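Encoded as structure tokens, the structure appears first; notes follow it.
Whatever order the structure lists them in is the order used to number ligands and atoms, beginning at 1. Only a predicted model underlies this, so the values are computations on that prediction, with no experimental measurement involved.
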Amino acid sequence: MARELKIKIKIDVLESEKELTEREKLAWNKAKEATENAYAPYSNFLVGAALLLEDGTIHIGNNQENAAYPSGLCAERTALFGKSAVSPFMPIELIAIASRKAFTYKYLQAAPCGGCRQVMTEYEDRQGSPIQVLLQGEGTEIYRLSSVKDLLPLVFNKESLLGAGAKE
Ligand code: THU
């Protein structure tokens, strides 16, 4: 009989923005603000991401699309790659992500794509401390995850390349 492996992830569901800490609120508002400069003429789906670094600075990103569709990049990766290019060793405390349709200001319930989860994992491993994630939940709710690990169980990372768990 096959063994069943159950994986648990933890999400704190906040009732509204009012429950955010001051630092979280700052990043949350910056993520929303960052949707303004998203370049998304093809999807009209605007995404903003804000990284709050340990020293209190904020680094933002937004989605940047391209006529050659796969050449575009998501907001989360734009933020993470940009931050890592200029400030590689300052740990990231949290990433806040906001999305909305163009010409509307209703923020949508959306979670980061698989590719962005993979990139978030790489930087979490690199800095050796968890990156908290803030997402719009249902209605006014905000989802808070205490680590990227909760977004990507059964991860592929540098240990995978080393052949951890290999069987003779
Ligand atoms: N997008 C992001 O920026 N982040 C995600 O995690 C999911 C999708 C962008 C990519 C594309 O520009 C638009 O949203 C529609 O997929």
Side-chain angles (χ1 to χ4, degrees), residues 7 9-14 17 20 23-53 57-88 91-127 129-158 160:
I7 299 177
I9 67 157
K10 185 175 82 75
I11 304 176
D12 292 330
V13 180
L14 312 186
E17 291 181 17
L20 294 172
R23 279 169 86 78
E24 288 169 346
K25 213 170 285 173
L26 186 73
W28 187 248
N29 288 332
K30 290 285 180 191
K32 288 182 180 176
E33 217 177 284
T35 61
E36 296 286 348
N37 289 332
Y39 175 61
Y42 304 105
S43 71
N44 281 317
F45 188 81
L46 314 180
V47 187
L51 308 173
L52 172 67
L53 311 189
T57 57
I58 298 264
H59 194 102
I60 61 107
N62 31 46
N63 52 331
Q64 299 295 324
E65 296 186 350
N66 193 281
Y69 292 178
S71 298
L73 195 64
C74 290
E76 298 88 326
R77 274 179 276 178
T78 304
L80 287 161
F81 292 152
K83 177 269 174 195
S84 302
V86 295
S87 194
I92 302 163
E93 208 172 279
L94 75 89
I95 179 168
I97 303 160
S99 57
R100 64 182 173 89
K101 299 263 179 67
F103 315 114
T104 72
Y105 281 89
K106 187 185 176 312
Y107 292 92
L108 306 168
Q109 183 177 3
C113 79
C116 288
R117 294 176 195 212
Q118 185 67 33
V119 170
M120 284 151 79
T121 292
E122 184 77 26
Y123 289 118
E124 186 172 82
D125 284 351
R126 183 186 188 188
Q127 70 181 35
S129 61
I131 299 174
Q132 205 184 298
V133 183
L134 292 179
L135 305 173
Q136 179 67 57
E138 225 182 296
T140 62
E141 288 175 350
I142 293 177
Y143 293 164
R144 180 167 60 200
L145 292 88
S146 48
S147 164
V148 176
K149 290 190 170 55
D150 285 321
L151 275 179
L152 195 58
L154 293 185
V155 71
F156 182 90
N157 60 15
K158 65 176 190 294
S160 320

(request) Check whether any side-chain N or O of H59 sits under 3.5 Å from a backbone N or O of K83 as a donor-acceptor pair, and report yes or no. (result) yes

Which atom pairs, donor and acceptor, lie under 3.5 Å between side-chain atoms of residues 107-118 and protein residues at least two apart or in another chain?
| residue | atom | partner | partner atom | Å |
| --- | --- | --- | --- | --- |
| Q109 | NE2 | Y143 | OH | 3.4 |
| R117 | NE | P112 | O | 2.7 |
| R117 | NH1 | L151 | O | 3.0 |
| R117 | NH2 | P112 | O | 3.0 |
| Q118 | NE2 | F156 | O | 2.7 |

(request) Would you mind checking if E17 and K32 are paired as a salt bridge, meaning a charged N to carboxylate O distance below 4.0 Å? (result) yes

(request) Collect the protein residues that have a non-hydrogen atom under 4.0 Å from ligand 1 and hand them over in chain and number order. (result) S43, F45, V47, N63, E65, C74, A75, E76, P112, C113

(message) Suppose we screen for ring-ring contact (aromatic ring centres under 6.0 Å, His included). Which residues come up paired with F103, at least two apart in sequence or across chains?
(response) none

(message) F81: which residues meet the ring-ring contact (aromatic ring centres under 6.0 Å, His included) condition with it, sequence neighbours left out?
(response)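 ring-ring contact (aromatic ring centres under 6.0 Å, His included) list for F81, sorted by chain: empty.
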
(request) For the residue pair N62 and Q64, confirm or rule out a side-chain donor-acceptor distance under 3.5 Å. (result)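 Per modelled atom types, N62 and Q64 side chains form a pair under 3.5 Å.
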
